[in-house]
Amino acid sequence: MDAKTTNPLAAHLLGWYDRHHRDLPWRVGPAMQQAGQRANPYHVWLSEVMLQQTTVQAVKPYFQKFLVTWPTVVDLAAAPVEDVMAAWAGLGYYARARNLKRCAEAVANDHGGLFPDTEEGLRTLPGIGDYTAAAIAAIAFDRPAAVMDGNVERVISRLYAISSPLPASKPIMKGKVRELTPIERPGDFAQAMMDLGATICTPKRPACALCPFNGHCLALREFDPENFPLKAPKKQKPLRQGAAFVAVSPEGEIFLRRRPASGLLGGMTEVPNTAWTARQDGGTTADHAPFSADWQSCGTVIHVFTHFELRLTVFRAVTARSSDASGWWEPVDHLEAQALPTVMKKAISVAIPTAFNGADMNSPAMKRKSR
DNA sequence: AAGCCGTGGTA
DNA sequence: TTACCAAGGCT
């Protein structure tokens, strides 16, 4: 390691990473890189987008499924967007899936199927912001980009005992990351910082005794690391209510619609439902049904979104299959192929308990959320 | 630039 | 139970 290009702190962290790095499906570990293997930019990009505000555990099966279905970015660019949305269903933040598809098309059509190899070039693509551009540039292209995500913010805020709250403190912390990022192995350094934040420098009860920075951490020396980073207070979530209508035909089909392309659950599939209102006194009765039928109340779904909590009253009716241009009838045993967000799967499960047999919908945790 | 945008795991 | 929050981006 060159002392001129790699500061002592970064060198120390890289040594820790060589011994304690996580093995992840999209990652090429230090040993394999030593043997000349490089990270695949498509894999790095796909994993980084999936990992935005999402846990490693949740991402793993989706990452594998996407790679099997679409082995290259050109394959993904050629895929029907409905297929991509259906494959993404359950991961959340569905604008990511729409942008993923748009980004793949841009790479395939405007960049000859190759990702730009600089932070600036990557930053112009849909769904790639400051963090993701830096991460891909560092991990896939060995660029010394300053990679800062929530993990890095936590590590840096503790290492330097940053006294101002997020998000205002971001530029200060970004400057610290820029200083620390080495010319050699910038991708490993970024991943090392994130591994450290995920496994040692955790939000609660950090394992400071095991931390490679425990001799340099100002928060550990002077304060309580658990109190960092400081954060601006957050608002509480309002409650919204509505009703959902599960219409089943005698042939065993269910009536579905497509949601508008943008906004909440944009482009995803739904059962008919009322507007979700903050009012406590209406919108949950059968008079708001999409068409008249013998609607029977069959339960309630509680679902928590990012900025509100939803209480959904579910109605069910068996009704002759009518032609309705606003949607389509889908066999109940074919729902797995649909782009149904989790809240819709919950609602359908309340009306048709066997709809997602074998899936998570019937887990004790899921049942507890529905009454 | 602050609000919008999902979901599941953890303590 | 409730609260927090995880490899953020877009408008």
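Throughout, a chain's letter reflects where its sequence line sits, starting with A, and its residues are numbered from 1. We use all heavy atoms of the structure for the numbers below, so side chains are in, but hydrogens, waters and symmetry mates are not.
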Spacing of [X] atom [atom1] relative to [N] atom [atom2], expressed in whole Å:
X	N	atom1	atom2	result
A:Tyr93	C:dA6	OH	C1'	9 Å
A:Asn99	C:dT11	CG	C1'	12 Å
A:Phe305	B:dG8	CZ	P	11 Å
A:Lys234	C:dC5	NZ	C1'	7 Å

For a quick check, tell me whether the side chain of A:Thr54 and the base of B:dG8 share a donor-acceptor pair closer than 3.5 Å.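 By the distance-only test, no, there is no pair.
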Does any N or O donor sit under 3.5 Å from an N or O acceptor when you compare the side chain of A:Arg22 with the base of C:dA7? yes
NE2 of A:His334: more than 12 outside heavy atoms within 6.0 angstrom?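 It does not: A:His334 NE2 has 12 such atoms or fewer within range.
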If you find the nucleotide of DNA chain C closest to A:Ala198 and the one closest to A:Leu125, which residue's nucleotide is nearer the 5' end?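 By nearest-heavy-atom nucleotide position, the 5'-most residue is A:Ala198.
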Should A:Thr342 be listed as having a side-chain N or O under 4.0 Å from OP1 or OP2 of B:dG8? yes
Is any side-chain nitrogen or oxygen of A:Arg205 closer than 4.0 Å to OP1 or OP2 of B:dT10? no
Report the residue (A:Gly90 or A:Lys204) whose heavy-atom-nearest nucleotide on DNA chain B is the more 5′ of the two.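 Final value for this comparison: A:Gly90.
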Toward the 5' end of DNA chain B, which comes first, A:Lys235 or A:Ala58, by nearest nucleotide? A:Lys235
Within the 6.0 Å centroid threshold, strictly below: A:Tyr62 and A:Trp88: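 Here the rings of A:Trp88 and A:Tyr62 have centres that are no less than 6.0 Å from each other.
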Aromatic contact between A:His303 and A:Phe305, with the criterion being ring centroids under 6.0 Å apart: yes or no?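 Ring centroids of A:His303 and A:Phe305 are less than 6.0 Å from each other.
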Salt bridge A:Asp18-A:Arg185, side-chain N to carboxylate O under 4.0 Å: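 Looking at A:Asp18 and A:Arg185, the cut-off is met.
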Using a 4.0 Å heavy-atom cut-off, does A:Ile139 contact any base of the nucleic acid, only the sugar-phosphate backbone, or nothing at all?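 It contacts nothing in the nucleic acid.
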Counting the atoms with a prime plus P, OP1 and OP2 as sugar-phosphate, which does A:Arg27 contact under 4.0 Å by heavy atoms, base, sugar-phosphate, or nothing?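 Base: the residue A:Arg27, judged by heavy atoms under 4.0 Å, touches a nucleobase.
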